[in-house]
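Presented below is the structure to which this report refers.
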Protein chains: 2
Amino acid sequence: MPKTAAPLYEQIRQLIVAALAAGEWRPGDALPSEAALAQRFGASPGTVRRALDELAAEHLVERRQGSGTFVSTHSAPRQQFRFLRLVADDDAGGFTRELLGCRRLRAIAAVARALDIRTSEPVIEVRRMLHRRGRPVVLEEMWLPERHFEGLSADVITAHAGTLYALFEARFGVHMVRAEEKLRAVAATAEAAALLQVAPGEPLLSVERLAFTYGDRPVELRRGLYYTSSDHYRNELN
Amino acid sequence: MPKTAAPLYEQIRQLIVAALAAGEWRPGDALPSEAALAQRFGASPGTVRRALDELAAEHLVERRQGSGTFVSTHSAPRQQFRFLRLVADDDAGGFTRELLGCRRLRAIAAVARALDIRTSEPVIEVRRMLHRRGRPVVLEEMWLPERHFEGLSADVITAHAGTLYALFEARFGVHMVRAEEKLRAVAATAEAAALLQVAPGEPLLSVERLAFTYGDRPVELRRGLYYTSSDHYRNELN
DNA sequence: CAGTGGTCTAGACCACCAT
DNA sequence: TGGTGGTCTAGACCACTGC
């Protein structure tokens with residue numbers, strides 16, 4: 001227990017997050033105006049504004065002067081690369097996606113622990129590759145708790161044009177808010193080498209990601225292998 | 001040119017950064033109070049507060065309720081790991097430093113370009129290793145423009161107990177504000193393998209960093225090779 | 001033009017810190 | 001106890017958007 005109650009703007013921030021988690025406003029929707037929210041929460045406009053500014057800093061909402069405050073969506077072009085830090089050294093070209101597989105299975109202990117579910121609870125495993133200029137660059141697999149992604153299948157993925165996170169959001173109402181990644185250098189296994197068209201033992205960048213939705217609930221575990229001969233993982237330290 | 005002038009709080013923010021760059025207040029020093037700064041810049045306290053809040057978000061200053069606003073310093077324990085993202089898988093132990101070399105040379109084109117200096121301008125090259133539990137984990141070399149690090153030598157580094165950035169700040173007045181990193185997986189060269197006590201060809205995480213001081217001026221280029229068998233590079237995506 | 005967020009001000013009161 | 005930053009309020013005015 002904190003000694004004193006959280007400040008009002010923080011309480012309001014949490015109430016708005018709860019409303020987002022409950023789906024009161026969907027990604028892309030406009031939130032009520034500052035004045036309307038101030039009314040609703042019984043606070044002054046300045047206090048509501050502070051809460052909204054914090055949410056904007058976390059990329060949960062997006063503010064547009066003259067038009068309103070909107071729930072962030074992975075469909076927006078600006079969000080396209082928020083979770084993909086691999087860029088070409090010469091900064092050229094985007095990726096094309098190739099689905100390798102999508103199947104239902106039971107979570108092994110490590111996956112269950114990360115996703116905070118019970119071991120052997122059903123999860124959906126997706127495997128895919130990303131290509132740049134026709135060359136495979138990324139091989140990744142991910143595990144998603146089935147209870148949040150009921151009906152996810154190869155067909156559903158193939159039928160969708162945008163990013164996976166845009167699909168998850170549009171189809172399952174699961175919006176990714178933030179992620180934690182662990183990076184290491186590993187040697188390509190025979191299988192990975194064949195898929196990525198490199199020699200076995202070739203150094204690859206391993207990226208293990210745990211992604212969270214509203215309320216810091218983990219909903220995706222992902223492991224990527226990046227071939228970094230002419231691409232690199234870009235990071236900013238602040 | 002922006003259509004309209006920058007907002008007042010942004011102008012004040014820039015004036016404070018300029019004062020920090022000029023050394024008007026040194027790392028660890030207290031800034032004048034909000035009221036005093038408001039007086040000085042002819043703005044209301046709320047506007048100055050906004051400027052200070054932005055600076056705090058960038059880690060340029062640190063606010064302590066009841067005592068004041070202070071210039072951030074790399075000597076502070078909390079800043080110790082801001083620029084070192086490598087952590088042990090089991091989260092245990094810190095690093096010990098071993099200096100391999102420190103010499104003066106002339107910048108090659110690639111280094112000069114990154115540091116925004118002229119080719120063949122003098123730079124200081126530092127090479128070192130980091131060990132955890134007696135095992136070498138990081139091999140890195142860095143290049144610093146001599147004009148900002150006059151008198152840096154092996155003796156100066158060895159005599160210093162804390163991090164390099166704390167030394168740079170205390171001795172040369174160069175405070176690192178932010179950095180950009182490019183990560184890739186590479187194979188250990190014979191030389192790197194020998195120093196890191198791994199087999200040649202072993203996958204290593206290559207981390208190339210460009211660090212900036214006040215006013216976004218690049219002052220350090222660094223290249224690290226991380227042995228990531230029981231350590232990983234931790235990252236947060238927001 | 002009406003409605004939205006963005007800036008700037010002014011002031012009250014509180015929590016915390018040093019002394 | 002005096003000074004600091006932290007919270008909260010109230011309101012004026014501006015800039016931008018969309019109709």
Side-chain angles (χ1 to χ4, degrees), chain A residues 1-16 19-20 24-25 27-73 76-78, chain B residues 1-16 19-20 24-25 27-73 76-78:
Chain A
M1 284 279 279
K3 294 190 206 172
T4 63
L8 187 50
Y9 68 83
E10 173 60 20
Q11 296 178 39
I12 293 174
R13 187 193 139 275
Q14 288 172 16
L15 289 171
I16 295 174
L20 289 169
E24 180 169 345
W25 311 293
D29 286 359
L31 268 66
S33 72
E34 294 180 359
L37 288 170
Q39 183 84 19
R40 164 164 169 176
F41 295 118
S44 86
T47 302
V48 168
R49 156 165 283 270
R50 166 106 191 232
L52 290 173
D53 283 344
E54 309 244 318
L55 291 170
E58 302 171 65
H59 301 111
L60 285 182
V61 303
E62 192 181 314
R63 318 203 71 183
R64 294 182 217 142
Q65 179 172 153
S67 90
T69 302
F70 299 80
V71 183
S72 289
T73 171
R78 307 182 43 235
Chain B
M1 284 278 281
K3 296 190 206 173
T4 63
L8 187 50
Y9 69 83
E10 173 59 21
Q11 297 177 40
I12 292 174
R13 188 193 138 274
Q14 289 173 15
L15 288 171
I16 295 174
L20 289 169
E24 179 168 345
W25 311 294
D29 285 359
L31 268 66
S33 71
E34 294 181 359
L37 287 170
Q39 182 85 20
R40 164 163 167 176
F41 295 119
S44 87
T47 302
V48 168
R49 156 165 283 273
R50 166 106 192 234
L52 290 173
D53 283 344
E54 308 245 317
L55 291 170
E58 302 171 63
H59 302 111
L60 286 183
V61 304
E62 193 180 315
R63 318 203 71 183
R64 293 182 217 142
Q65 179 172 157
S67 85
T69 302
F70 298 81
V71 183
S72 289
T73 170
R78 306 182 42 235

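Below, chain A is the first sequence line, B the second, and so on; all start at residue 1.
At whole-Å resolution of the value, CD in A:Glu62 and P in C:dG5 are 13 Å apart. Spacing between atom CD of B:Gln65 and atom C1' of C:dA18 amounts to 14 Å, rounded to whole angstrom units. Atoms CG (A:Leu52) and P (C:dG5) sit 8 Å apart, rounded to a whole Å. Following rounding to the nearest Å, B:Leu37 (CG) and D:dT4 (P) show an atom-to-atom distance of 11 Å.
The phosphate of C:dG5 has OP1 or OP2 within less than 4.0 Å of a side-chain N or O from A:Thr69. Between A:Ser67 and C:dG3 there is no side-chain N or O to OP1 or OP2 distance below 4.0 Å. The phosphate of C:dT4 has neither OP1 nor OP2 within less than 4.0 Å of any side-chain N or O from A:Arg64.
The neighbour count for A:Glu24 CD, taken as heavy atoms of other residues, nucleotides or ligands under 6.0 Å away, is above 12.
A:Ala30 meets the side-chain contact (heavy atoms from CB on, under 4.5 Å) test with A:Phe70; sequence neighbours excluded. For A:Arg13, the side-chain hydrogen bond (donor to acceptor under 3.5 Å, both in side chains) partners at least two apart in sequence or on another chain are A:Glu10, A:Glu58. Evaluation of the side-chain hydrogen bond (donor to acceptor under 3.5 Å, both in side chains) rule for B:Asp29 yields no partner, not counting sequence neighbours. Annotation: side-chain hydrogen bond (donor to acceptor under 3.5 Å, both in side chains) contacts of A:His59 (sequence neighbours excluded): A:Arg82. B:Ser72 meets the side-chain contact (heavy atoms from CB on, under 4.5 Å) test with B:Glu62, B:Gln79, B:His175; sequence neighbours excluded. A search for side-chain contact (heavy atoms from CB on, under 4.5 Å) contacts involving A:Ala35 returns A:Ser33, not counting sequence neighbours. Evaluation of the side-chain contact (heavy atoms from CB on, under 4.5 Å) rule for B:Ala57 yields no partner, not counting sequence neighbours.
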Expected string for nucleotides 7-12 of chain D under the B/S/- scheme (protein heavy atoms, under 4.0 Å, primed atoms plus P, OP1, OP2 as sugar-phosphate) is BSBS--
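Annotation: proximity of residues 28-35 of chain A to DNA chain C (heavy atom, distance under 4.0 Å) is found for A:Ser33, A:Glu34, numbered in ascending order.
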